[in-house]
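A quick write-up on the structure given underneath.
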Amino acid sequence: MKVGVPKEIKTHEYRVGLTPGAVREYVAGGHSVAVETNAGAGIGATDETYRKAGATILGSAREVFGSSELIVKVKEPQPSEWTQLRENQILFTYLHLAPDPEQAKGLLKSGCTAIAYETVTDAYGGLPLLAPMSEVAGRLSIEAAGAALKRYAGGRGLLIGGVPGVQAARIVVIGGGVVGTHAARMAVGLGAEVTILDTSIPRLRELDEQFEGRARTRFSTIDAVEEEVFAADVVIGAVLVPGASAPKLVSRSMLSSMRKGSVIVDVAIDQGGCFETSRPTTHADPTYEVDGVIHYCVANMPGAVPLTSSQALNNATLPFGLALANKGFAAVLENQHLRAGLNVYRGRLTCKAVAESLGLPYSPIDQAAA
């Protein structure tokens, strides 16, 4: 199969869909790989490195899209990209369609087949292609919070871990999944006072055992969220409903009762965010203030550490990408986990959670592919 890797064009996005090591695997499998020039610059991979791995270097994204059957990216296609997609072409990348009706309409109009990393599943009920970036984003969320807490950034002027004799920052993590666990791990490691909220009692038991008392766990209710948020210096939004828009758990009215200079980090912003006042930001301008509360809502947090992120992402996506290259759309029909990742197929939405979030018709894959 002809595989294409365009350069990412989202603001301050430095990751790349295929690393040189991954290209070697595709080439070894008998596939041809076309990489846009400088696509790997963000991870220090030159065009010559890709050539040595067996790739052909093309001068523009248009050439890559025009010559490839399978497009492998990192971030959701931008308007200039989705207009280049076509029928019988497979797109394999993060999509996050639920809060993005324009992208959804663009993909539907293109007639392409779009498989979203974030809804591909595994045998354990997990999201294996979302997990590595959730790990990165969870850890980065505490670094981002620490920077935003500094006084010159508009924060309260707190050091997350405090010092002997001075209270550490109080950090509340809403959601005990992959993002929340890694955020809590970083915060605990820095010496913060950490509380994790979740609606799953079995998960809270696991977290309680994992942290051995170094982090508090609490069942998430409206009362619990209010109490914890009002007393927090940092609130990490780490809630995920696979494929669907994130629930709004902190309302605008609650901000007035939060500490001035406190910080919100909304890691769920790709799915619309779990704070009512959240809106996507970029690494170029990552924060804004609402009612005295600093908001950090960068929609591609792992893009700040592209070398780590690209390697971690490729480790996870490689088996699935190779399956698509080997068998084409038949791989989706044969593999229930890839099938769960199918969001768009020839002008139809095939992910129920996405369709419901967008208020558009849902077509089960059995009907769409009939």
Side-chain angles (χ1 to χ4, degrees), residues 3-26 33 35-36 38-46 49-50 53 55 71-78 81 91-96 115-120 122 126-147 177-186 189 236-238 240 265-271 280-284 286 296-322 341:
V3 181
V5 184
K7 184 177 181 179
E8 297 296 321
I9 59 174
K10 191 163 186 173
T11 304
H12 285 282
E13 180 52 69
Y14 303 106
R15 290 172 289 180
V16 63
L18 293 181
T19 62
V23 167
R24 288 191 67 184
E25 298 293 331
Y26 278 83
V33 181
V35 178
E36 184 181 353
N38 294 320
I43 64 169
T46 64
T49 304
Y50 277 101
I71 298 292
V72 182
K73 282 176 43 61
V74 179
K75 287 305 291 177
E76 68 279 358
Q78 303 301 295
E81 294 177 311
L91 172 66
F92 192 38
T93 189
Y94 287 115
L95 294 177
H96 299 293
I115 300 168
Y117 292 161
E118 70 272 11
T119 59
V120 172
D122 62 21
L127 302 171
L129 308 191
L130 184 62
M133 295 304 93
S134 295
E135 291 167 351
V136 172
R139 296 182 180 212
L140 283 176
S141 70
I142 302 303
E143 292 186 13
V178 177
V179 170
T181 301
H182 282 262
R185 184 177 297 171
M186 285 289 285
I236 307 293
L240 173 69
V265 180
D266 198 342
V267 189
I269 192 64
D270 269 339
Q271 294 293 135
T281 61
T282 68
H283 289 295
Y296 179 101
C297 303
V298 173
N300 61 329
M301 290 176 65
V305 286
L307 186 55
T308 297
S309 297
S310 295
Q311 291 176 345
L313 180 60
N314 274 245
N315 290 344
T317 59
L318 184 60
F320 295 96
L322 286 174

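In what follows, residues are counted from 1 in the order of the sequence shown.
Of the possible polar contacts, none joining the Glu36 side chain to the Asn38 backbone as a donor-acceptor pair under 3.5 Å is found. Put simply, the side chain of Glu118 gets close to the backbone of Leu95: a donor and an acceptor are under 3.5 Å apart. A donor-acceptor pair is defined here as one N or O able to donate and one able to accept, closer than 3.5 Å; such a pair exists between the side chain of Ser309 and the backbone of Pro302. Asp122 contributes no side-chain N or O that, together with a main-chain N or O of Leu127, makes up a donor-acceptor pair within less than 3.5 Å.
For the residue pair Val5 and Ala39, the shortest heavy atom distance occurs at O-CB, 4.2 Å. When all heavy atoms are compared, the tightest approach of Ala183 to Ser141 is CB-OG, 3.5 Å. Closest of all the heavy-atom pairs between Ala137 and Met301 is O-CE, 3.5 Å.
From Leu140, atom CG reaches atom CD of Glu135 across 12.0 Å, with rounding to the nearest 0.5 Å. Atom NZ of Lys75 is separated from atom NZ of Lys73 by 9.5 Å, given to the nearest 0.5 angstrom. Expressed to the nearest 0.5 Å, how far OG1 of Thr281 lies from CG of Asp266 amounts to 9.5 Å.
Counting heavy atoms from C-beta on, the side chains of Val298 and Ile269 never come closer than 4.5 Å. Contact annotation: the side chain of Asp270 never approaches that of Tyr94 to less than 4.5 Å [non-hydrogen atoms, C-beta and beyond]. For the pair Val74/Asn300, no side-chain contact is recorded, criterion being any heavy-atom separation below 4.5 Å from C-beta on.
In this pair, Tyr14 and His12 present their aromatic rings perpendicular. The plane angle is above 60°, beyond the 30 to 60° band.
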